[in-house]
Amino acid sequence: MKRALRKRSLLMEEASYPVSGRGYAHVCPSCGQALDLYDLRDGDQAYWCAPCGRGHRAGDPPVGALRPLPQAG
């Protein structure tokens, strides 16, 4: 019988991201506006919020940066 040695915290549950970014919009965690996508000099991409002056790399989104898109249908 397997027994978990540690309980998973709620914070870990909140920080889990979807497997794919399809069906999600990148939004600013501070103001909720859509983010602009930019290419960086090192070949990576980043999202930037002009009103807040904050951003994040595309591969490392903060909690709250992905919002589900409304379902089409």
Side-chain angles (χ1 to χ4, degrees):
M1 177 161 100
K2 290 185 178 181
R3 186 173 57 150
L5 299 176
R6 293 183 225 167
K7 292 184 180 181
R8 293 184 67 174
S9 70
L10 292 177
L11 183 60
M12 289 176 69
E13 293 293 327
E14 291 177 17
S16 63
Y17 297 109
V19 175
S20 170
R22 294 184 79 175
Y24 288 88
H26 284 262
V27 296
C28 178
S30 301
C31 68
Q33 291 189 14
L35 299 174
D36 298 321
L37 181 64
Y38 291 94
D39 291 322
L40 302 177
R41 291 183 195 163
D42 62 2
D44 201 1
Q45 293 181 322
Y47 287 95
W48 184 256
C49 179
C52 293
R54 299 174 69 185
H56 63 269
R57 289 188 178 261
D60 189 24
V63 175
L66 299 176
R67 179 180 298 158
L69 293 172
Q71 297 295 327

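Note that this is a predicted model, so its numbers are computed, not measured.
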>> Among residues at least two apart in sequence or on other chains, which ones pass side-chain contact (heavy atoms from CB on, under 4.5 Å) with D36?
In response: Y38
> Which heavy atom of V27 sits nearest a heavy atom of G64, and at what distance?
Replying inline: CG2-O, 3.8 Å
> Would you say the side chain of Q33 lies within less than 4.5 Å of the side chain of P51, judging by non-hydrogen atoms?
Replying inline: yes
>> Within the 4.5 Å heavy-atom criterion, are H26 and H56 side-chain neighbours or not?
In response: yes
> How would you list, by chain and number, every residue that makes a side-chain contact (heavy atoms from CB on, under 4.5 Å) with D42, sequence neighbours excluded?
Replying inline: L40, D44, R57
> Can you hop from W48 to L37 via hydrophobic side chains spaced under 4.5 Å?
Replying inline: no
>> Is the shortest side-chain heavy-atom distance between S30 and C49 below 4.5 Å?
In response: no
> P68: what forms a side-chain contact (heavy atoms from CB on, under 4.5 Å) with it, not counting sequence neighbours?
Replying inline: Y24
